[in-house]
Amino acid sequence: MSLSDPDPVSPHVLPAKIDVLVIGGGPAGSTAACLLAEQGWQVALCEQDQHPRFHIGESLLPSNLPILEQLGVLEQVQAMAIYKPGADFTCRDGTVQSFPFARAYGDSPPHAYQVRRQDFDHLLLNNAACKGVQVFQRHKVIACQQEERGQCVQIENAAGEKHAVHARLVIDASGRAALTATRSGWQVKNRRHASAAIFAHFKGVTRRSGVLEGNISVYWFEHGWIWMIPLSDDVMSVGAVCSPEFLKTRDTDLESFLRKILAGIRGAGERMVHSSLLGEVHATGNYSYQSREISAPGVILVGDAFAFIDPVFSSGVYLAMFGATRSIAPAQAWLRGDTAEFKRAIRQYRAEVERKINAFAWFIYRFTSPTMQELFENPRNDWQVEQAVISMLAGDGDAGADIRRRLRIFKTIYYLMSLKRNARMVFGSKNK
């Protein structure tokens, strides 16, 4: 087995018993499986699809890079990826504000990468297989039942054959399917940030020039925001995140609807003039959520199986892989039978994951507000707050007291500007 193998399927039948069964072969599942196998545990991974497969979420963060290095795949990712120096935001007047990762406050890497997820996820799954993980693609987990010493997992393969695997521990990395959370009634939709998305890959989209060429580009519009992510082979990932109510106003096919949105946005429409659709246009709705629990006896939730937030700052893959690395400590405590250590470790795991999520969430909840738009359009580095915001964009917004203090200053500025804006609106309406 090598990283270049086209089909990372272990030459084994499903084991009757296993230390760890990982549900899902995305970044979270492959990362957790790889790291646990490296610790000497017997690990099997079931992925219901066949890699490579289309997936959205192609923009990595600088904070991904140390994890990729830990997994031993950083050089391979570099070879397949587009160099990403930062992010840029297009203002209402058409000017572009760029936020290069090299200006971040702190020690995060000065760049990241844009990847085609079908290749990136395939690489991570191959890497897990190379580290000894038994990988079973087109194997769907249909049920889990608690046992005295773990979980009995019912699995169905592509031929419709059903098998039972007794696992001491299940890592639920089932992504937005959120197998455990949905079946246990734990999943709670985010009432503060209901959102939907429509997205596709295009060829021939005009790219930024010069040092900005590899940036993710973000645009605001009346009902949400737009992403443009440059990928290899002249492919551009383009998507619109909006309210579910706005998506329901669609009265044409998905491609026409997406193009109509883009045509109405200064700067974005011009970049799409000579583009052609590659594959299908996809739509998904109301996808921001979190699980009330992060574990159950013999089960640990990782990545999107626990929570998913708006992708405006490209946090999805990083949060998934970060959570996977932090799940290893409680996983090993459970496997060793150390109940006290497991309880301590699972509390710490949840605290670390939620702290990361919350570092992004505050900005996400306010990103489409006029005040936040004004701040991103007119960045200032007083008290190094702009550099701290770039640290947040890099995935490092919760790291270190200095960064957190500067982000608190930014939040104070935001609240003061919002109060001033609201006061102008109130008193302006009274004077009419």
- Task: Would you kindly check if the NZ (Lys) or CZ (Arg) of Lys189 is within the cone defined by 45 degrees around the ring axis of Tyr289 and under 6.0 Å from the six-membered ring centre?
- Result: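 No; the conditions do not both hold, so Lys189 does not lie above the ring face of Tyr289.
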- Is Arg176 positioned over the aromatic face of Phe308, cation under 6.0 angstrom from the ring centre and no more than 45 degrees off axis? yes
Just how far is it from atom [atom1] of [X] to atom [atom2] of [Y], taken to the nearest 0.5 Å?
| X | Y | atom1 | atom2 | result |
| --- | --- | --- | --- | --- |
| Met321 | Leu61 | CE | CG | 11.5 Å |
| Lys411 | Arg408 | NZ | CZ | 8.5 Å |
| Ile226 | Thr90 | CD1 | OG1 | 11.0 Å |
| His122 | Arg116 | NE2 | CZ | 14.0 Å |
| Glu280 | Leu254 | CD | CG | 9.5 Å |
| Leu231 | Asp119 | CG | CG | 9.5 Å |

- Item | Verdict with reasoning, Ser295 to Tyr349, per side chain to side chain donor-acceptor pair (under 3.5 Å) | CA-CA 10 Å; Ser295 67; Tyr349 165 57; over 6 Å; no
Checking the side chain of [X] only, and the main-chain atoms of [Y] only, is there a donor and an acceptor separated by less than 3.5 Å?
| X | Y | answer |
| --- | --- | --- |
| Asp234 | Gly204 | yes |
| Asp396 | Ala399 | no |
| Ser418 | Tyr414 | yes |
| Gln114 | Gly214 | yes |
| Arg421 | Met417 | no |
| Ser30 | Pro27 | no |
| Glu47 | Gly25 | yes |
| Lys356 | Gly395 | yes |
| Asn378 | Glu374 | yes |
| Thr182 | Leu179 | yes |

Is there a side-chain contact between [X] and [Y] in this structure, where contact means two heavy atoms from C-beta onward sitting under 4.5 Å apart?
| X | Y | value |
| --- | --- | --- |
| Phe363 | Phe410 | yes |
| Pro244 | Leu247 | no |
| Phe89 | Val96 | no |

- Task: Under the side chain to side chain donor-acceptor pair (under 3.5 Å) rule, what do Gln118 and Arg53 come out as? Steps first, then yes or no, please.
- Result: CA-CA 5 Å; Gln118 62 188 50; Arg53 82 286 187 258; over 6 Å; no
- Stepwise, does the salt bridge (Lys or Arg N to Asp or Glu O under 4.0 Å) test hold for Arg92 with Glu377? CA-CA 8 Å; Arg92 284 163 289 193; Glu377 289 180 347; 2.8 Å; yes
- Message: As a quick check of understanding, evaluate side chain to side chain donor-acceptor pair (under 3.5 Å) for Gln187 and Ser291, giving each step before the final call.
- Response: CA-CA 4 Å; Gln187 194 178 80; Ser291 172; over 6 Å; no
How close do [X] and [Y] get, counting heavy atoms only, and between which atoms?
| X | Y | result |
| --- | --- | --- |
| Pro100 | Ile390 | O-CG2, 3.4 Å |
| Tyr105 | Ala388 | CB-N, 4.0 Å |
| Ala173 | Val22 | CB-CG1, 4.5 Å |

Plane angle bin for [Y] and [X] - parallel if under 30°, tilted between 30 and 60°, otherwise perpendicular:
| X | Y | answer |
| --- | --- | --- |
| Tyr113 | His111 | perpendicular |
| His282 | Phe54 | parallel |
| Phe313 | Phe376 | parallel |
| Phe246 | Phe257 | tilted |

- Charged N to carboxylate O under 4.0 angstrom, Lys140 versus Glu156? no
- Less than 4.0 Å between a side-chain N and a carboxylate O, is that true for Lys203 and Asp233? no
Assess the side chains of [X] and [Y]: does a donor N or O sit below 3.5 Å from an acceptor N or O?
| X | Y | result |
| --- | --- | --- |
| Tyr219 | Arg271 | yes |
| Ser237 | Trp227 | yes |
| Arg208 | Ser98 | no |
| Asn358 | Glu354 | no |
| Gln290 | Trp186 | no |
| Ser217 | Asn215 | no |
| Gln387 | Arg103 | no |
| Ser288 | Asp310 | no |
| Glu58 | His201 | yes |
| Gln137 | Asp49 | no |

- Exactly one candidate in Thr180, Ile300, Val302 meets side chain to side chain contact (heavy atoms under 4.5 Å, CB included) with Asp172; the answer is Thr180
- Item | Gln78 atom CD, over 12 foreign heavy atoms within 6.0 Å |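 Count over threshold, so yes.
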- Query: Would you find more than 12 non-hydrogen atoms of other residues, nucleotides or ligands less than 6.0 Å from Asp107 atom CG?
  - Reply: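 Atom CG in Asp107 is not crowded, with 12 or fewer foreign heavy atoms closer than 6.0 Å.
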